[in-house]
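A short worksheet on the structure shown next.
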Amino acid sequence: MRQYQLHSRPGEGLDLLLKDVDEPTPLPNEVVIRVRATSLNYRDLLMRSGQSASSAKPGGTVPLSDGAGEVISVGEDVSRVAVGDRVAGCFFSHWIDGRFNMRYHDTALGGSAQGMLSEQVVLPEVGVVKLPDYLSFAEAACFPCAGLTAWYALVERGELTAGDKVLMLGTGGVSIFALKLAKAMGAEAWITSSSDSKLGRARVIGADHTINYKTSPEWEKLVWEQTSQNGVDHVVEVGGAGTLGTSMAAVGAGGHIALIGVLTGFNPPDTTLFPLVARNVRLNGIYVGHRSAFERLLAAAETHQLCPEIDKTFAFEDAAAAYDYLASGGHFGKVVVDVG
Ligand SMILES: NC(=O)c1ccc[n+]([C@@H]2O[C@H](COP(=O)([O-])OP(=O)(O)OC[C@H]3O[C@@H](n4cnc5c(N)ncnc54)[C@H](OP(=O)(O)O)[C@@H]3O)[C@@H](O)[C@H]2O)c1
């Protein structure tokens, strides 16, 4: 069977190589999945660039955290799923519920653990969830990282309720998922983008207020005006150090910032954090989420028949082009690789 692997090379970045490898066989508590679709996240660009130590294993790392497919064989002790079940892998195979533990980092797919960009994968049975019938494999493959991160940030940790005001930054995978979830749950949604045409697309899928952060660099003032000087209740903060100051200026008293992303890099913020104190704001560090949250997300998504926004789908043979497309920033929502 065919499988992509990231391999170290001299100089910057890693090589994405397509290899022929043996089909996996499950240990007693493992399942083998015939992967039908995968999706890319910004993290996968960081992995390919070699910025993560975990992406350069000797012998190669199978990339991508996100994939969906059907179970084709199970180990003798497996009881949670059966052959033929439609499933997705969990980002952290062993984070089942409760608080995060640093040892879960060792089970992050497409990083410390082997990922989903492969015709078949073997996963521990505890690290998969069953899929509702209404989702295609391509749609389901958008949930494990972007979908769960948005849900865990807004609903599980953020305690979003109907009528809340929610601000999303940019129109990438996490933000567009958060927009769809926020609207499904009765929130009022703000979203920013560098592109007016993407803002138009955001309005079509429910955004109530749209702001171009390039042409309106002081966009927090617009948010402030549009919220009658109250600010928003939640910010889906995917920018990191370079946008945190603006996000703090846009959030209202008693509000919540979900600190998720590093789109502006890994440097420390060059802004005072005092607004967090002065406004009694909650700042939650978010790292995807656990399996129980994933199952609740899928149940809520089924109720609302919520489908992710897939911008473009690439064939398995063109996976490298999918990376390049994501890196170009031209996408709106998710980029998918159809594994066949
Ligand atoms: N902590 C976690 O659990 C977790 C999970 C998932 C993702 N993340 C992180 O969250 C971030 C987003 O991930 P993703 O997969 O959704 O990325 P993505 O799909 O690649 O989204 C990229 C988009 O973000 C927008 N953007 C870029 N720079 C921006 C800025 N300075 N201000 C506002 N928007 C900006 C752009 O949207 P426009 O083209 O509309 O301008 C760009 O197209 C990444 O840093 C990723 O590592 C973290």
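Just so you know, ligand 1 is whichever comes first in the structure, and atom 1 is the first atom listed for that ligand. No hydrogens, no waters, no symmetry mates; every other heavy atom, side chains included, goes into these values. Quantities reported herein were computed from a predicted structural model and do not represent experimental measurements.
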Is there any protein N/O under 3.5 Å from an N/O of ligand 1, and what does the full list of such pairs look like?
from	atom 1	to	atom 2	distance (Å)
ligand 1	1 (N)	Ile260	O	2.9
ligand 1	1 (N)	Ile286	O	2.7
ligand 1	3 (O)	Val288	N	2.6
ligand 1	15 (O)	Tyr42	N	3.0
ligand 1	16 (O)	Gly173	N	3.1
ligand 1	16 (O)	Val174	N	2.9
ligand 1	19 (O)	Gly173	N	2.8
ligand 1	19 (O)	His331	NE2	2.8
ligand 1	20 (O)	His331	NE2	3.3
ligand 1	37 (O)	Thr171	N	3.3
ligand 1	39 (O)	Lys198	NZ	2.7
ligand 1	40 (O)	Thr171	N	3.1
ligand 1	40 (O)	Thr171	OG1	2.6
ligand 1	40 (O)	Ser193	OG	2.6
ligand 1	41 (O)	Ser194	N	2.9
ligand 1	41 (O)	Ser194	OG	2.7
ligand 1	41 (O)	Tyr213	OH	2.7
ligand 1	45 (O)	Val262	N	2.7
ligand 1	45 (O)	Leu263	N	3.4

So, His290 versus Tyr152, ring centres under 6.0 angstrom or not?
->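 Aromatic pair counts; centres sit under 6.0 Å.
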
Among Leu16, Leu14, Leu17, side chain to side chain contact (heavy atoms under 4.5 Å, CB included) partner for His7 |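 With His7 as partner, side chain to side chain contact (heavy atoms under 4.5 Å, CB included) holds for just one option, Leu17.
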
Check side chain to side chain donor-acceptor pair (under 3.5 Å) between Asn230 and all other residues, then give those that pass, not counting sequence neighbours.
->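 Asn230 satisfies side chain to side chain donor-acceptor pair (under 3.5 Å) with no residue once adjacent residues are dropped.
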
Residues that His331 engages under side chain to side chain donor-acceptor pair (under 3.5 Å), provided they are two or more places apart =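 Here no residue qualifies.
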
Tell me, please, which residues at least two apart from Tyr287 pass ring pair (Phe, Tyr, Trp, His ring centres under 6.0 Å).
->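 For Tyr287 the ring pair (Phe, Tyr, Trp, His ring centres under 6.0 Å) partners, ignoring immediate neighbours, are Phe91, Phe92, His105.
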
Flag the pair Arg2 / Asp20 as yes when at least one side-chain heavy-atom distance between them is below 4.5 Å, and no otherwise.
->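 Sidechains of Asp20 and Arg2: in contact.
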
